[in-house]
Asker: 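Have a look at this one.
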Number of protein chains: 2
Amino acid sequence: MEQPFTSVWTREPRPAKSPGLGRDQIVRTAMALLDAEGVDALSMRRLGARLGSGATSIYWHVASKDELLELVMDEVFGEVSLPDPGAAGWRGTALAVAYGLRNALFAHPWAASLIGTRPAIGPNAVRLAARMLDAFERAGFREAQLDYASAALLSFVLGATAPEVAWQTALRRSEATEEEVLRATREMVAQVARDHPGLVARHKAYDAKDIGAERALSFDFGLSCLLDGLEARLAAPDGAPRQTGTSSPAGQARSDMM
Amino acid sequence: MEQPFTSVWTREPRPAKSPGLGRDQIVRTAMALLDAEGVDALSMRRLGARLGSGATSIYWHVASKDELLELVMDEVFGEVSLPDPGAAGWRGTALAVAYGLRNALFAHPWAASLIGTRPAIGPNAVRLAARMLDAFERAGFREAQLDYASAALLSFVLGATAPEVAWQTALRRSEATEEEVLRATREMVAQVARDHPGLVARHKAYDAKDIGAERALSFDFGLSCLLDGLEARLAAPDGAPRQTGTSSPAGQARSDMM
DNA sequence: GATGTTTGTCGTACAGTGTGCGAGTGGAAT
DNA sequence: ATTCCACTCGCACACTGTACGACAAACATC
């Protein structure tokens, strides 16, 4: 669309000395609307109505809806509270970021569907990344590994949380009881996986348990596994302590795209 | 919307004995359109035009656009080729799934923006999960850890790949040269992170390197870290070998939502 | 004070979107 | 011959993002 690859963050915001509409008020109202009614309910006209102004007035302060979404996205990143990297230690900071981000995404489910969509380079996202890099550097990570390690953590958190949130909101939107959902899901799995007998048995085992708690445990498990793996790299700085890992398997090209 | 929580996969597809339009032809054509022109270009009218039929004819075979997207999503999962879990071994299977999924997402960039959006429970996604569980069970994972471990792997792969794809397509859409983008990005970072002096220096170091290759290395690093961490759990079955990890930090509630 | 200029608001309009509805088609079964 | 059924499709509705240009109010300059 735009040729020199611009983003909200490069362009100056409107002077903002104004008495009426302002960029931050727009963003706040948009977040409220998103939180209250979900991502589908956010239209410029509805937002304008909530602001008590015309729909197209918004375009004076914000270039496009996409840009507005970038702004609210960064607001979500701003909501994770960061500990002092010196006091919390490496693992503490990592855990805080992980759970903070996870909780922020649960608090704003619409953000989960946007997170893979556009690059997160707003000031709050950058500050979060900087904090994490700081903590990881204190821990002893150097050079490229520093970036790799923090990227890995963020990747896991996002990849684990986004589908969870998707599930949760999908359930919430259909007003079925959790009972019904469980039954329907089991039927689905049974129907679709009848030639994978292990699956249906295992899925049956879930019936008794609380799904939310189970998912939290799963998150904990994956997170501490990843952190353990990272910690192991601190001992052997430039190699994979358990070998393999850097050789691509069975005819799969690694970095064939781009 | 629908009260008993239905999904495409529960409902029988239309008998499909038809000569004309059919569910699979629709899905194939939709994929072609998506691959060629991206996710914004997929509208029912355009799809109908490509099929040589009216736009609303599609609704006989497919309940809604959402359902259609679920179908094409599963087709993507079907594209990752799975090795024989017996022959490839645990780590081999894990690597194959990871790179296979990653490559599939790069081959169909539109899928990356859909992946966090709706639960993946189509037959191909289920088969992939079953294969992975099989391999992980052979490796020695049991009970809940079996699920946790495979979920962790998928989480990392998705969370690492989706933003990468998002970046790549964002760049592709703006017809800027990679040079321009680099310069603009650096300016962005510099502007936004001027109180994080470490960041801008580190970002400068990237200028010489190939971004794609760098990202592939990052993926490799995170993946092998996670696998190492998982492998460590095989030795100490029911505890975290490096302690911590299951206690939530500094006043952050763990599973407070849902 | 008069005159331009910037800053900001908004109504209208355009080209699209997903999809409900009901009318129409052809072939098969009665 | 008639009834039924699997399909196809045109129309219409409500709604979307946003380009454009007409306004108004605040401010600068003469």
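Note on naming: letters A, B, ... go to the chains in the order of the sequence lines (proteins, then strands), and numbering restarts at 1 for each one.
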Asker: State which residues pass ring-ring contact (aromatic ring centres under 6.0 Å, His included) with A:Phe219; sequence neighbours excluded, sorted by chain then number.
Answerer: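 If we apply the ring-ring contact (aromatic ring centres under 6.0 Å, His included) test to A:Phe219, skipping adjacent residues, the hits are A:Tyr99, A:Phe156.
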Asker: Would you say A:Trp110 and A:Asp35 are linked by a side-chain donor-acceptor pair, where the criterion is simply a distance under 3.5 Å?
Answerer: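 Present: a donor and an acceptor within the cut-off.
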Asker: Return the value, rounded to whole Å, for the distance between atom CG of B:Leu68 and atom C1' of C:dT17.
Answerer: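 So the CG-C1' distance, B:Leu68 to C:dT17, works out to 15 Å.
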Asker: To the nearest Å, give me how far apart CG (B:Leu47) and C1' (C:dT17) are.
Answerer: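 My rounded result for the distance is 14 Å.
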Asker: Please report the interatomic distance CE(A:Met44) to CD1(A:Ile26), rounded to the nearest 0.5 Å.
Answerer: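 The CE atom of A:Met44 sits 7.5 Å away from the CD1 atom of A:Ile26.
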Asker: Respond yes when some side-chain nitrogen or oxygen of B:Trp60 is under 4.0 Å from OP1 or OP2 of D:dT8, and no when none is.
Answerer: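 Indeed not, no polar side-chain atom of B:Trp60 lies that close.
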Asker: Taking atom types as modelled, is there a side-chain donor on A:Glu79 or A:His108 under 3.5 Å from an acceptor on the other?
Answerer: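 Judged by distance alone, the side chains do pair up.
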Asker: For B:Asn124, enumerate each residue passing the side chain to side chain donor-acceptor pair (under 3.5 Å) test, keeping only those at least two apart in sequence or located in another chain.
Answerer: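 Testing B:Asn124 for side chain to side chain donor-acceptor pair (under 3.5 Å), a comparison that skips the adjacent residues, returns B:Asp74, B:Arg127.
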Asker: Write out all pairs satisfying salt bridge (Lys or Arg N to Asp or Glu O under 4.0 Å) with one or both partners inside residues 153-170 of chain A, taking only residues at least two apart or from two chains.
Answerer: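 Non-adjacent pairs meeting salt bridge (Lys or Arg N to Asp or Glu O under 4.0 Å): A:Arg102-A:Glu164.
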Asker: Give the dot-bracket string for DNA chain D, reading 5' to 3', where a pair is Watson-Crick or G-U wobble with both distances under 3.5 Å, ( ) marks pairs inside the strand, [ ] marks pairs crossing earlier ones, | marks a partner on another strand, and . marks unpaired.
Answerer: .||||||||||||||||||||||||||.||
Asker: Treating primed atoms plus P, OP1 and OP2 as sugar-phosphate and everything else as base, which nucleotides of nucleotides 16-24 of chain D get B, S or - for protein heavy atoms under 4.0 Å?
Answerer: BBBB-----
Asker: Ignoring backbone atoms, test whether B:His61 places a side-chain nitrogen or oxygen under 4.0 Å from the OP1 or OP2 oxygen of D:dT8.
Answerer: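 Yes, because at least one side-chain N or O of B:His61 sits under 4.0 Å from OP1 or OP2 of D:dT8.
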Asker: Could you walk me through whether A:Asp147 and A:Leu133 pass the side-chain contact (heavy atoms from CB on, under 4.5 Å) test, one step at a time?
Answerer: CA-CA 7 Å; A:Asp147 297 306; A:Leu133 286 174; 4.0 Å; yes
Asker: A:Glu67: what forms a side chain to side chain donor-acceptor pair (under 3.5 Å) with it, not counting sequence neighbours?
Answerer: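 Result, side chain to side chain donor-acceptor pair (under 3.5 Å) vs A:Glu67: A:Arg11.
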